[in-house]
Amino acid sequence: MAIEKNQWLEEQKRVDHVVDVIDEKAKALTQSTEGLKGDIIGLRKNFWEDVTVNIDEPDDIIESHASIKQQSEMLAERERSHKQYYKELKTLERLKENPYFGRIDFKEESEDKAESIYLGIASLMDEKNEDFLIYDWRAPISSLYYDFSPGEAEYQTPESKIKGIMELKRQFIIRSSQIKGVFDTGVTIGDELLQEVLGHHSDTQMKSIVATIQKEQNQIIRDDKSPLLIVQGAAGSGKTSAALQRVAYLLYRYRETLTASNILLFSPNPLFNSYVASVLPELGEENMEQTTFYHYLDSQIGEALAVEDPFQQIEYTLSLDESDPNYKVRMAGIKLKSSLNFKTLMDDYLTRLATEGMRFKNIVFRDKTLISAHAISDYFYSLDPHQSIATRIENVQQWLIKALRKHAKRERTQVWVEEEIELLSKEAYLKAFQELEETYGNREDSFDDHEREQQWLSQYIVRRHFKPLMRKIKQLKFIHLSALYQQLFEMMKVDTEASWEQIAAQSIEHIQSHQLYFEDAAPFVYLKSHLIKQSHHASIRHIFLDEAQDYTPFQLALLKAAFPKSRWTVLGDFNQAIYPQTTNVHALFAEERYQLGTTQRILLNKSYRSTFEITQFTSPIVNQEDRIEAFNRHGEFPTLTFGTAESQQSLIKERVRMIEAKGYETIALITKTALESDRLYQAFKGELPVRMMTKKTSHFEKGLVILPAYLAKGIEFDAVIVTNASRTHYEREEERKLFYTACTRAMHELHLISIGEKSHFLDRVPNARYHVYT
């Protein structure tokens, strides 16, 4: 409900006053910042002139150390202050543009008069720093705005629950310090504000949603008790946005004990990392740690094996003919290795390895085996069998280091050492002498005769040659991990729908070529983690798992073990489970999968990304018409255009030009596979300003892009063209959710091209919900 003109003028007058306060505070901060900057430059320039350095006597050395330490601490303190002032200045700049977005008038039970609370992205005190002009949206009292309509209301502080009456709820649209819209409302976020925010064009980066947080999203953001928070949300329901605001809230709520480095986000691809990178800085917070599950696995496996990434895996499953016998074996292997049954098989294998079957590598020096793999195995199994494998491996490591030192000592008298000494260049000789000084101090008589010189140079040369070998022993590379994983398929057997022998043979062949299928990566890391003591990621206290429906039960078990001290926020959508291994996605959201204690479940059914017409079109595709609620923002009907292979490109170009004429800035041509993306890109690149997004793309830019559907997860575009929505292209039931994912990327317009008969996935969509062109 719009307010009266005099109220509008009063609110603008307050905005003007707040802006004046911001300007004064910014002016004072700028002066302080400039002064600090001068101090820092001066301290760096004159650092060594301002410290006392004297090393003649022990007392002088202590005094010099204290002087250097004092000067260093002074410089560090100035740099910290400068960084904090700069951060505050950036916050004031953002507040000046849009000081606040909401107001509530709240009267506590014990008070006679209501207090007006204005909410923005950060707090702001008045000129005397006595009263709040703006409250941070994360403050306890701010939850009233998100959770209640006018009437009885309450909020929780760390100490107690505060009850009272909300007399007014008002929402603002402010741009460049000017009120563009203001509404009084009885609901959490009025349609006027959401329409204004959601009606804009898509951007290359996700934006903060603090002004439009809904009650259910606020539950996600402010939950600070549940060890496991599971959010099932429809496409475009704001689950990822809410999760990022949750990170900002946690950093605010626990600012004395929690930093961004204590939070880790597992995202679907590197492009998504770039897409969400601006949200936290917008709110004045540092970005949390981000990675993809593939990169996490790859970092654990190392360089010995080339690991297939999930996009290669999905390309394989989407591109090959199911009649191919290797395809069927691979799909059966994916299903098996994703299951907890396979984890049980591996646990049985590890139990067996405790008494037999450990595989090691020969320790070889100059083509001579110093310690055989068989000897290492004998020593390993001579150790106390009650110790864990990892503990015994540590003992083996120490034994090998001692043995190598003995071998190195014997090696000094070998002919090759003497020959290498004779071939030493002058530069190498000087380097050796320099190292001698660093090791034993300045001893001028060290090379005073030929015999002593030869002894030391022999030691130097042998140590230099043994150093890489010692490094490998310390890195536990004497364990033959790939052979151990291969042996799993040779020694063990499990009941499965497909032939275990075929799955085992296919797996072994791939390992022998020094490669790992993606479905083997998590089991391989699991095996390694039980053989080698892992330094658990104790500093990570919160895990955010986005697109959780694409994780297998085995992968989740691995992550749970790797981050034992973390709280989890799990976000996903059953209807976007596009990877072949996630066959039972409902089970992935079952709390028994995590066993982390109290679980909070939140369901987000309302889709805000797409127009009402697009959501009405897409929800029947996955049979969710009764469960997905469309936001009341209207636009044009989706279109379906029939064509031929020969006319496909001209139809796509025609649609692109129509969309561009409307001023839309992000347009996506979404294909089924990367192969199809590349083919169309080659055809269009001379005629349209198109860019191709691949699995290596790390930045999202405006304009016309072409990409496969699985890379579009989590991203939105003004307009989407699904390049081939035909029955022959999208046929298998496993591809239904991929098709749905492609369609739900569209905010304002959705167009489908069908080369021949339309996909049967569209049979459920009433004809009245889209326009057909032939």
Side-chain angles (χ1 to χ4, degrees), residues 198-207 235-236 268-278 311 609-611 614 617-618 635-641 643 645-726 729 738-739 741-755 771 773:
L198 298 173
H200 285 172
H201 292 170
S202 170
D203 204 345
T204 58
Q205 291 192 308
M206 183 181 283
K207 296 298 182 184
N269 53 58
L271 179 62
F272 181 84
N273 290 346
S274 166
Y275 183 58
V276 302
S278 66
F311 310 121
R609 174 188 297 136
S610 305
T611 61
I614 292 173
F617 174 86
T618 55
E636 297 184 20
F637 280 97
T639 71
L640 173 65
T641 303
E646 292 74 24
S647 66
Q648 180 193 33
Q649 293 175 22
S650 60
L651 291 172
I652 292 172
K653 284 189 285 187
E654 182 182 340
R655 281 291 171 197
V656 167
R657 291 187 177 110
M658 288 173 60
I659 295 166
E660 287 178 333
K662 297 176 184 178
Y664 288 122
E665 296 178 324
T666 59
I667 306 169
L669 308 180
I670 299 186
T671 64
K672 179 179 167 183
T673 67
L675 194 66
E676 184 188 355
S677 282
D678 185 61
R679 179 180 62 81
L680 286 176
Y681 174 73
Q682 297 303 329
F684 288 144
K685 67 179 181 179
E687 303 179 46
L688 294 172
V690 62
R691 288 187 308 278
M692 184 166 68
M693 287 185 173
T694 71
K695 63 186 180 183
K696 294 182 180 179
T697 303
S698 58
H699 289 87
F700 179 19
E701 298 177 5
K702 290 182 179 180
L704 176 65
V705 297
I706 184 166
L707 73 166
Y710 55 81
L711 283 182
K713 295 284 284 285
I715 304 173
E716 59 191 27
F717 303 90
D718 288 330
V720 165
I721 300 173
V722 177
T723 58
N724 189 354
S726 66
H729 206 55
L738 185 72
F739 183 72
T741 299
C743 294
T744 54
R745 301 308 93 197
M747 289 181 65
H748 306 295
E749 289 196 18
L750 173 63
H751 304 280
L752 293 84
I753 308 293
S754 182
I755 310 306
H771 295 315
Y773 299 94

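Below, all heavy atoms of this structure are taken into account, side chains as well, without hydrogens, waters or symmetry copies.
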Apply side-chain contact (heavy atoms from CB on, under 4.5 Å) to Ile659 and Ile721, showing your working. CA-CA 10 Å; Ile659 295 166; Ile721 300 173; 4.0 Å; yes
Test log, rule side-chain hydrogen bond (donor to acceptor under 3.5 Å, both in side chains), inputs Glu676 and His729: CA-CA 11 Å; Glu676 184 188 355; His729 206 55; 2.8 Å; yes
Set out, in order, the CA-CA distance, both residues' side-chain angles and the distance that settles side-chain contact (heavy atoms from CB on, under 4.5 Å) for Thr741 and Lys713, then state yes or no. CA-CA 7 Å; Thr741 299; Lys713 295 284 284 285; 3.5 Å; yes
Is there a side-chain contact (heavy atoms from CB on, under 4.5 Å) between Val705 and Leu669? Walk through the geometry before answering. CA-CA 6 Å; Val705 297; Leu669 308 180; over 6 Å; no
side-chain contact (heavy atoms from CB on, under 4.5 Å) between Phe617 and Leu752: does it pass, once the steps are laid out? CA-CA 12 Å; Phe617 174 86; Leu752 293 84; 4.0 Å; yes
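Side-chain contact check for Thr671 and Ser677: at least one donor-acceptor pair (N or O, by modelled atom type) lies under 3.5 Å. Side-chain contact check for His771 and Thr639: no donor-acceptor pair (N or O, by modelled atom type) lies under 3.5 Å. For Gln648 and Thr723, the side-chain atoms include no donor-acceptor pair closer than 3.5 Å. For the residue pair His699/Glu701, the side-chain donor-acceptor check at 3.5 Å is not satisfied.
At distances below 3.5 Å, not a single donor-acceptor pair connects side-chain atoms of Arg609 with backbone N or O atoms of Ala235. Within the 3.5 Å criterion, the main-chain N or O of Cys743 finds no donor-acceptor partner in the side chain of Thr618.
Considering only heavy atoms from C-beta on, Glu636 comes within 4.5 Å of Lys662 through its side chain. Side-chain contact between Leu750 and Val722: present, with at least one pair of heavy atoms (C-beta onward) separated by less than 4.5 Å. With a 4.5 Å cut-off on side-chain heavy atoms, Ile706 and Arg691 do not count as touching. When side chains are defined from C-beta on, Phe684 counts as touching Lys653, because their heavy atoms get closer than 4.5 Å.
Taking OG1 from Thr673 and CZ from Arg679, the interatomic distance works out to 8.5 Å, rounded to the nearest 0.5 Å. Here the CD atom belonging to Glu665 is positioned 13.5 Å from the CG atom belonging to Leu704, to the nearest 0.5 angstrom. For the atom pair CZ (Phe717) and NE2 (His748), the distance works out to 13.0 Å, reported to the nearest 0.5 Å. Rounding to the nearest 0.5 Å places CZ of Arg657 at 11.5 Å from CD1 of Ile667. Distance check, rounded to the nearest 0.5 Å: OG1 of Thr694 to CG of Leu707 gives 10.0 Å. In this structure, CZ on Phe637 lies 9.5 Å from OG1 on Thr611, to the nearest 0.5 angstrom.
Between Glu660 and Arg655 there is no salt bridge, since none of the side-chain N atoms of the basic residue sits less than 4.0 Å from a carboxylate O of the acidic one.
Among all heavy-atom pairs drawn from Leu680 and Gln649, the shortest one is CD2-CG, 4.2 Å. Ser754 and Ser726 make their closest contact through OG-CA, 3.4 Å (heavy atoms, listed as atom of the first residue, atom of the second, distance). Considering all non-hydrogen atoms of both residues, Arg745 and Ala712 come closest at CD-O, 3.2 Å. Here the shortest heavy-atom pairing between Phe311 and Pro268 reads CZ-O, 3.7 Å. Between Glu749 and Ile614, the shortest heavy-atom distance links the atoms N-CD1, 3.7 Å. Contact between Ala645 and Ile755 at its shortest, heavy atoms only, is N-CG2, 3.4 Å.
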